[in-house]
Amino acid sequence: MKIICIGRNYADHAKEMNSPLPTEPIYFLKPDTALLKEGDFYYPKFTKELHFECELVVRIDKVGKYIQPKFASKYYSQFTLGMDFTARDIQQLCKEKGLPWERAKGFDHSAPISSTWVDKQNVDLENATFQLFQNGELKQIGHPKDFIFSIDQLIAYVSQFITLKTGDLLFTGTPAGVGPVQIGDTLTAALNGQELLSLKIK
Ligand code: MG
């Protein structure tokens, strides 16, 4: 199982990061040990600036390579919400030195996801909204209709380079509003008003 994450898929987040809009999808991988399905999250010792990035997550249902956009929707049937935890201080150093992002984004438990999945026929992506709350305060609002690259385009793009397998997860990028996490925080995420994820930071 691998975790494929998309960077800069919302114009408002690219702007808050002072990053240019991508002309083709940007992706990076997290290892399977990044996954956190249940339990608390422990603030890692190697960063002083851990950020939350709430994202819509797609589960890949079958093996595929060179998937055409028009067939991409046959490769997934469920969504959930997850967090692309990012050590922003380390990411900034990596960016300045032109180094890979794995140390900032691919560490253990950097990808918590909800254990509740929602069938795609029950989610109208044109009208869907997801929200991230930090200690009950609304921090991020995401509208998948604002994706720069659609899920189908992302699947087609990534599958040119790597074979997608059953159980792989696609994190589709984060909207604006990312921010620092503190020990003691509770992060909750809801899709169309349904709370899917609740995470305590210890
Ligand atoms: Mg992200």
Side-chain angles (χ1 to χ4, degrees), residues 1-17 19-32 34-35 37 53-84 86 101 105-106 110-132 140-178 189-194 196-197:
M1 191 280 289
K2 58 189 171 288
I3 302 169
I4 302 155
C5 299
I6 304 300
R8 292 179 217 161
N9 203 25
Y10 292 85
D12 59 358
H13 175 61
K15 191 175 173 190
E16 75 176 350
M17 300 302 294
S19 299
L21 289 185
T23 52
E24 58 187 335
I26 297 167
Y27 75 88
F28 56 92
L29 301 178
K30 296 193 187 221
D32 57 0
L35 192 64
K37 281 185 173 171
E53 294 190 2
C54 185
E55 309 197 3
L56 186 77
V57 179
V58 180
R59 184 187 181 277
I60 300 298
D61 281 346
K62 60 176 182 175
V63 176
K65 175 85 173 167
Y66 297 117
I67 300 164
Q68 293 180 43
K70 64 181 176 182
F71 297 127
S73 68
K74 297 184 185 304
Y75 288 79
Y76 61 94
S77 58
Q78 291 182 311
F79 302 125
T80 195
L81 293 176
M83 211 73 71
D84 167 21
T86 302
W101 290 3
K105 281 183 171 280
S110 60
I113 64 165
S114 168
S115 52
T116 303
W117 290 88
V118 182
D119 289 342
K120 72 176 177 189
Q121 57 264 38
N122 295 330
V123 183
D124 171 15
L125 286 187
E126 278 303 301
N127 294 299
T129 302
F130 62 91
Q131 296 164 306
L132 183 278
Q140 289 190 282
I141 304 176
H143 302 286
K145 71 170 167 51
D146 294 337
F147 283 159
I148 296 173
F149 301 103
S150 70
I151 293 169
D152 293 355
Q153 287 173 316
L154 295 172
I155 285 175
Y157 183 86
V158 173
S159 73
Q160 295 177 87
F161 305 100
I162 46 180
T163 302
L164 302 186
K165 290 184 166 180
T166 304
D168 287 351
L169 300 176
L170 176 68
F171 278 61
T172 56
T174 201
V178 300
L191 176 61
N192 290 336
Q194 180 190 358
L196 295 182
L197 184 65

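These values consider heavy atoms only, across backbone and side chains, with no hydrogens, waters or symmetry-generated copies. Numbering of residues begins at 1 and proceeds along the displayed sequence.
- We find the CG-NZ distance between D124 and K145 to be 11.0 Å, quoted to the nearest 0.5 Å.
- Atom-to-atom distance recorded for T23:OG1 and I148:CD1 is 10.5 Å, nearest 0.5 angstrom.
- Residues passing the side chain to side chain donor-acceptor pair (under 3.5 Å) test with Q140 are T174, sequence neighbours excluded.
- The heavy-atom pair separating Q160 from K65 by the smallest distance is O-NZ, 3.5 Å.
- Contact of the I60 side chain with the I155 side chain is registered, since non-hydrogen atoms from C-beta on lie closer than 4.5 Å.
- Listed by first and then second residue, the salt bridge (charged side-chain N to carboxylate O under 4.0 Å, His left out) pairs that reach into residues 147-159 come to none, sequence neighbours excluded.
- Going from atom CG of N122 over to atom CG of L191 covers 10.5 Å, rounded to the nearest 0.5 Å.
- In this structure, the side chain of T166 engages the main chain of D61 through a donor-acceptor pair within 3.5 Å.
- At most 12 non-hydrogen atoms from other residues, nucleotides or ligands lie less than 6.0 angstrom from NZ of K37.
- Contacts of Q194 classified as side chain to side chain donor-acceptor pair (under 3.5 Å), with partners at least two apart in sequence or in another chain: none.
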Evaluation steps, side chain to side chain contact (heavy atoms under 4.5 Å, CB included), between L125 and I151: CA-CA 10 Å; L125 286 187; I151 293 169; 3.6 Å; yes
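- Between the K30 side chain and the K105 main chain, a donor and an acceptor come within less than 3.5 Å of each other.
- With hydrogens and angles disregarded, a donor-acceptor distance shorter than 3.5 Å links the side chain of T80 to the backbone of T116.
- Two residues are said to be in side-chain contact when any heavy atoms from C-beta on lie closer than 4.5 Å; F28 and D84 meet this criterion.
- No donor-acceptor pair under 3.5 Å is formed between the side chain of S159 and the backbone N or O of G64.
- A donor-acceptor distance shorter than 3.5 angstrom exists from the side chain of N9 to the backbone of F149, with no hydrogens or angles considered.
- The distance from atom CZ of R8 to atom OH of Y27, rounded to the nearest 0.5 Å, is 15.5 Å.
- A heavy-atom distance below 4.5 Å is not found between the side chains of Y76 and L170.
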Side chain to side chain contact (heavy atoms under 4.5 Å, CB included) between M1 and I3, intermediate numbers included: CA-CA 7 Å; M1 191 280 289; I3 302 169; 3.9 Å; yes
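- Other residues, nucleotides and ligands contribute only 12 or fewer heavy atoms inside 6.0 Å of the OH atom of Y66.
- With rounding to the nearest 0.5 Å, the separation of NZ in K2 from CG in D168 is 3.5 Å.
- Taking 4.5 Å as the limit, some side-chain heavy atom of F147 sits within range of a side-chain heavy atom of L56.
- Of all heavy-atom pairs spanning G106 and P31, the tightest one is O-CD, 3.1 Å.
- In this structure, the side chains of I4 and L154 stay at 4.5 Å or more apart for every pair of heavy atoms.
- Looking only at distances, no side-chain donor or acceptor of D119 sits under 3.5 Å from a matching main-chain atom of Q78.
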Verdict with reasoning, M83 to C54, per side chain to side chain contact (heavy atoms under 4.5 Å, CB included): CA-CA 5 Å; M83 211 73 71; C54 185; 4.1 Å; yes
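- Under a 3.5 Å cut-off, the side chain of E55 and the backbone N or O of G82 do not form any donor-acceptor pair.
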Steps toward side chain to side chain contact (heavy atoms under 4.5 Å, CB included) verdict (F79, K120): CA-CA 6 Å; F79 302 125; K120 72 176 177 189; 3.5 Å; yes
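- Interatomic distance, CD1 of I113 versus CZ of R59, reported as 9.5 Å (0.5 Å rounding).
- The main-chain N or O of Y10 is never found under 3.5 Å from a side-chain atom of D146 such that the two would form a donor-acceptor pair.
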